[in-house]
Amino acid sequence: GTRESGPRCIALVGPFQSGKTTLLEAILARTGAIPKAGSVDAGTSHGDASPEARHHKMSVGLSAATVNFMGDSYTFIDCPGSVEFAHDMRAALPAVDAAVVVCEADEKKLPQLQIILRELEDLKIPRFLFLNKIDKASKRIRETLATLQPASRSPLVLRQIPIWNGDLIEGFVDLALERAFIYREHKPSEVIALEGGNLDREKEARFSMLEKLADHDDALMEQLLEDIQPPRDAVFDDLARELRDGLICPVLLGSALRENGVLRLMKALRHEAPGVADTASRLGAPAQKEALAYVFKTVHQLHGGKLSLVRLLSGHLDDGATLLASAGESGRVSGIHGVSGAHDSKRSSAEAGDTVALGKLDAIKTGDTLSAGKTAPAALVAVAPVPGVLSMSIAAADRKDDVKLGQALIRLNEEDPSLTMVQNPRTHDIVLWGQGEMHLRVAMERLKDRFGVNVRSQPTAIGYQETIRKAI
């Protein structure tokens with residue numbers, strides 16, 4: 001079958017603490033981007049490297065990292081699972097070619113899983129489900145799938161079945177490839193002969209997968225009715241097409257912590273995830289020769305100034321190029337950096353499909369569409385601002401830092417538009433609105449860590465009233 005080549009951009013999303021950052025570590029280690037996977041608990045992870053994320057042992061903003069796999073470049077955007085930091089995910093999703101939804105067999109997380117899947121479905125983003133922590137699984141995989149299915153509008157299609165050894169899962173069978181693998185910790189899985197009970201279960205599970213694919217493919221349906229084995233290439237083509245059209249959501253198994261199932265996931269992305277041309281057409285981007293890009297995140301570095309993280313949807317971009325934004329502003333690119341943890345790899349140019357950080361675009365903000373053409377482009381994406389639900393009154397601990405605090409808050413709001421600031425005319429304090437207690441706490445920590453401003457804070461009476469009123 002045909003497969004996309006060229007740089008891909010993939011979102012890692014899923015309920016809070018389902019293992020997204022750990023999966024990113026496993027992908028980085030398995031593809032050779034880092035010597036060995038770091039740990040969230042030990043504070044050594046490559047993603048989530050900010051002091052705030054380390055301190056709270058959770059993602060409090062998105063992190064991006066790029067790897068090379070079998071000759072192609074993949075940028076993974078690890079989105080926070082906590083609802084208080086969902087704005088980062090919402091701004092990034094339009095830029096991606098596909099999403100990997102990391103989840104586990106936990107009924108308590110179903111409502112959150114459903115919210116995330118609904119967003120992906122509404123945005124028409126192709127999605128894979130990565131069933132993580134499979135080494136801890138106690139239920140049979142079919143029961144787990146039946147539990148998770150109500151969260152997804154499209155059928156969950158099992159791509160692998162586990163190989164059990166007593167109560168432990170020791171490997172898996174790939175239903176499209178018809179091959180069995182035994183997991184080896186922190187190493188590639190080992191191929192074994194498919195026989196006995198595993199062979200019987202594989203035949204049954206594969207038939208069930210093909211039946212779901214045949215719902216949208218008449219030729220395959222006829223082959224199944226006539227008991228003809230469909231050619232393997234045709235099965236892979238169907239899997240790729242139905243994923244792209246949002247007709248199915250393929251399910252893969254693994255354990256991010258043990259790096260099990262990671263190469264299978266990468267191979268599925270390589271064969272089935274669409275490329276940037278599909279993403280550009282999904283966003284309604286005009287066909288143009290000049291560079292066209294979407295800004296999905298703004299970062300202010302301690303010493304490096306402002307960086308705009310963008311996905312290049314078409315064309316070729318050189319360092320020093322002038323870009324026009326949909327809102328009418330313009331800026332000259334000063335530095336193109338590859339995105340990987342610390343944004344340190346400088347490049348002279350970027351091509352369609354690349355995800356890069358552009359330096360010093362001072363007037364450009366998250367959500368802007370940028371073009372190197374002669375006229376300002378139409379905005380491709382509208383990311384709605386999220387109204388705050390909780391507020392905190394803040395002031396500079398030292399009055400001489402008042403001006404510095406004002407500037408820091410403007411930058412903080414550029415990085416995180418889900419924060420809003422209102423000046424209280426009576427007390428002259430600033431009222432900071434956010435998405436919850438943790439969100440506000442992290443904002444204060446950022447003011448100190450990143451912008452060097454110590455603030456004193458107190459809950460505001462209006463904050464809680466507003467929240468109560470909204471709840472009622």
Side-chain angles (χ1 to χ4, degrees), residues 21 40-45 47-63 80 82-88 91 297-309 341-344 357 359-360 362-363 365-366 385-467:
T21 304
V40 174
D41 280 346
T44 55
S45 58
D48 277 0
S50 74
E52 306 87 44
R54 290 261 193 270
H55 176 60
H56 297 291
K57 291 192 174 20
M58 62 181 269
S59 300
V60 295
L62 64 78
S63 48
S82 162
V83 135
E84 294 186 36
F85 301 96
H87 183 83
D88 260 9
K297 175 77 177 166
T298 303
V299 182
H300 285 277
Q301 292 184 300
L302 205 49
H303 305 298
K306 178 173 169 174
L307 286 178
S308 302
L309 270 58
H343 310 293
D344 45 9
K360 306 275 196 298
D362 291 328
K365 51 189 193 309
T366 299
V386 208
V389 296
L390 188 65
S391 72
M392 190 70 104
S393 166
I394 64 168
D398 188 335
R399 276 292 177 209
K400 70 174 191 321
D401 279 346
D402 279 355
V403 175
K404 200 170 163 190
L405 174 63
Q407 290 167 337
L409 285 170
I410 290 168
R411 290 187 177 156
L412 192 62
N413 182 232
E414 280 197 334
E415 285 197 350
D416 182 356
S418 67
L419 286 166
T420 40
M421 297 83 184
V422 190
Q423 182 101 32
N424 181 333
R426 284 204 313 277
T427 61
H428 300 296
D429 276 3
I430 292 163
V431 178
L432 186 62
W433 284 91
Q435 302 305 312
E437 209 172 318
M438 178 62 88
H439 189 218
L440 287 172
R441 192 183 304 168
V442 167
M444 314 279 191
E445 289 167 10
R446 279 190 180 147
L447 286 171
K448 184 173 169 231
D449 295 336
R450 193 98 52 85
F451 304 113
V453 187
N454 271 316
V455 292
R456 53 182 176 79
S457 62
Q458 59 200 51
T460 59
I462 55 163
Y464 292 107
Q465 279 168 2
E466 279 289 309
T467 315

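These figures come from a predicted structure and were not determined experimentally. In what follows, every heavy atom counts, from backbone to side chain, and hydrogens, waters and symmetry copies are set aside.
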Is Gln435 reaching over with its side chain to a backbone N or O of Ser418, donor-acceptor style, under 3.5 angstrom? yes
Main-chain N/O of Asn454 paired to Lys448 side chain as donor or acceptor, under 3.5 Å: no
May I ask you to decide if Gly61's main-chain N or O and Lys297's side chain share a donor-acceptor pair within less than 3.5 Å? no
Apply the test side-chain contact (heavy atoms from CB on, under 4.5 Å) to residues Arg399 and Asp402: give CA-CA distance (whole Å), side-chain angles for both, the deciding distance (0.1 Å), then the verdict. CA-CA 6 Å; Arg399 276 292 177 209; Asp402 279 355; 3.4 Å; yes
Determine the minimum heavy-atom distance between Leu440 and Gly434, stating which atoms define it. CD2-N, 3.7 Å
Just so I know, are the side chains of Ile394 and Leu409 near enough to count as touching, which here means a heavy-atom distance under 4.5 Å? yes
Closest heavy-atom pair, Phe451 versus Ala408, reported as atoms and distance to 0.1 Å, is CB-CB, 3.6 Å
When you compare the side chain of Asp88 with that of Val60, does any pair of heavy atoms fall below 4.5 Å? no
Phe85 and His439 have their tightest heavy-atom pair at CE2-CD2, 3.6 Å
Looking only at heavy atoms, the pair that brings Leu405 and Ala396 closest together is CD2-N, 3.5 Å
Starting at CG of Leu307, measure out to CD of Gln301 and round the result to the nearest 0.5 Å. 4.0 Å
For the residue pair Arg456 and Asp429, establish whether any side-chain heavy-atom pair is separated by less than 4.5 Å. yes
Determine yes or no for a side-chain-to-main-chain donor-acceptor pair under 3.5 angstrom, with Arg54 supplying the side chain and Ser45 the backbone. yes
Quick check: does any side chain N or O of Asn413 sit under 3.5 Å from a backbone N or O of Leu419, one acting as donor and the other as acceptor? yes
Distance col, row Lys360:NZ vs Lys306:NZ, nearest 0.5 angstrom, shows 11.5 Å
To the nearest 0.5 Å, atom CZ of Arg441 lies from atom NE2 of His56 at 6.0 Å
Considering non-hydrogen atoms only, spot the tightest contact between Ile430 and Gln423 and give its length. CG1-OE1, 4.1 Å
Would Val455 and Leu432 count as a side-chain contact (heavy atoms from CB on, under 4.5 Å) if you check the C-alpha gap in whole Å, the side-chain angles of each, and the deciding distance to 0.1 Å? CA-CA 12 Å; Val455 292; Leu432 186 62; over 6 Å; no
Would you mind reporting whether Arg411 and Arg446 have side-chain heavy atoms less than 4.5 Å apart? no
Hey, is the main chain of Met438 close enough, under 3.5 Å, to the side chain of Glu84 for a donor-acceptor pair? yes
Calculate, to the nearest 0.5 Å, the distance between atoms CE and CG belonging to Met444 and Leu412 respectively. 10.0 Å
So does Thr298 get a backbone contact from the side chain of Thr366, meaning a donor-acceptor N/O pair under 3.5 Å? yes
Under 3.5 Å, is there a donor-acceptor pair between the His300 and Glu415 side chains? no
Shortest non-hydrogen pair, Lys404 vs Val453, comes out as CG-CG2, 3.9 Å
